There are 2 protein chains.
Amino acid sequence: MEEGTSQSLGSPADTAGHRSDYDVWQWDAREDCEVRQILDRVADKWSLLAIALLDRRSLRFTELKREIDGISQRMLTRTLRHLERDGLVERTVHPVVPPRVDYALTPLGRTLHATIKSLVVWTEAHQEEIARARADYDKREADLRETSAAGAAD
Amino acid sequence: MEEGTSQSLGSPADTAGHRSDYDVWQWDAREDCEVRQILDRVADKWSLLAIALLDRRSLRFTELKREIDGISQRMLTRTLRHLERDGLVERTVHPVVPPRVDYALTPLGRTLHATIKSLVVWTEAHQEEIARARADYDKREADLRETSAAGAAD
DNA sequence: CCGTATCCTAAAGGATACTG
DNA sequence: CAGTATCCTTTAGGATACGG
């Protein structure tokens, strides 16, 4: 792993004695860069769930619809099409009637799922810490409002 | 009830000889569960960028605004407040005039960044594969439209 | 300098109805 | 069964103006 290659943003950077080993701007969140797109794909409302389910076993459309209870037909179709386009999911149409369509994770999809899982694991490991942080923040906020209200009342 | 509450989705599961080691439904994407919230936080338009920048060194409001060129004041404030509330970023107000406010990643924020980074690394490693998949998909789509158009014209 | 408040637009996504 | 097509609501987020 190289230290910053295209350093960009003329920042002195290393001042904190700590540094990212990639260039932040290479995956600038606003651009249509790959990371942004993958992140959007992974993070959208239903993709992650579909990926996780398909990582267990392949499923057909209706099965997915039933398992991801609450998703609309429209969104399930869109989600699956996006995943398919990105090469994460494979769609197999069986020429029978009534139609049967199977969805399965590709090898690429499986490696992505493995990666996402580390984020899930992180969250599970730290959820209490986060909950505490939120409670503290909200408490401080409430105290602040109370104080300023009291101050205004004086 | 569907079979299986925690083990859930009555899937014999292992059929593919492969299985996730967590319960998909514990982090059901639709609920206000922790994973969903963290994922939303991480994936929203600006958070990731802010986190990555702050992982290098602490920055003040205006510096962040300048570095994340394109972000509105409104969204920068909101983004930072959310990160602060979750205990990922620490906000330090210096009681001077004009005001000076420094933002820094907390230890928790740093570990999150490290985790996110693995997703970034995954994306960088597979972006060409994804690009190919998309090109293939679009090609097939185009061919299909062409064919059906020709068929209709006949 | 560091915000908050207000207004406004674009996009995501649900509900519903229809089709091969 | 496995989708499209259409309409409608909700939300994210930009622009702008103002305040401590």
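This structure is a prediction, so every number in the text was calculated from the model and none was measured.
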Write out a two-atom table: protein N or O, nucleotide N or O from nucleotides 16-20 of chain C, distance below 3.5 Å.
none

Output the distance between atom OH (Tyr103(B)) and atom CG (Leu80(B)), rounded to the nearest 0.5 Å.
-> 5.0 Å
Nearest-Å distance for atom pair CZ/C1', residues Arg41(B) and dG13(D) = 15 Å
For the atom pair CD (Glu84(B)) and OG1 (Thr106(B)), what is the distance rounded to the nearest 0.5 Å?
-> 10.5 Å
For the pair made of CE in Met75(A) and P in dT10(D), what is the distance, rounded to whole Å?
-> 17 Å
What nucleotide among dG14(C), dA2(D), dG3(D) has an atom nearest to a side-chain atom of Trp46(A)?
-> dG14(C)
Step by step, work out the salt bridge (charged side-chain N to carboxylate O under 4.0 Å, His left out) result for Asp136(A) and Arg140(A).
-> CA-CA 6 Å; Asp136(A) 287 359; Arg140(A) 283 199 306 274; 5.1 Å; no
In sequence, state the C-alpha distance, the side-chain angles, and the governing distance for Arg56(B) and Glu63(B), and then conclude on salt bridge (charged side-chain N to carboxylate O under 4.0 Å, His left out).
-> CA-CA 13 Å; Arg56(B) 300 170 146 197; Glu63(B) 287 176 316; over 6 Å; no
Go through dG14(C), dG3(D), dT4(C) for me and flag the one nearest to the Lys45(A) side chain.
-> dG14(C)
Interatomic distance, Asp44(A) CG vs dA12(D) P [rounded to whole Å] | 15 Å
Could you check Leu108(A), Leu112(A), Ile38(A), Thr115(A) and say which one makes a side-chain contact (heavy atoms from CB on, under 4.5 Å) with His126(B)?
-> Leu108(A)
Separation of dG3(C) atom P from His82(B) atom NE2, nearest Å, is 14 Å
Of the nucleotides dG3(C), dT4(D), dG13(C), which one has an atom closest to the side chain of Arg81(A)?
-> dT4(D)
Are Arg36(B) and Asp40(B) ion-paired here, with the side-chain N under 4.0 Å from a carboxylate O?
-> yes
Within this structure, what is the OH-to-C1' distance between Tyr103(A) and dA2(D), rounded to whole angstrom?
-> 8 Å
Nearest-Å distance, CZ (Arg60(B)) to C1' (dG3(C))?
-> 13 Å
Ile71(A) CD1 to dG3(D) P, in whole Å, measures 12 Å
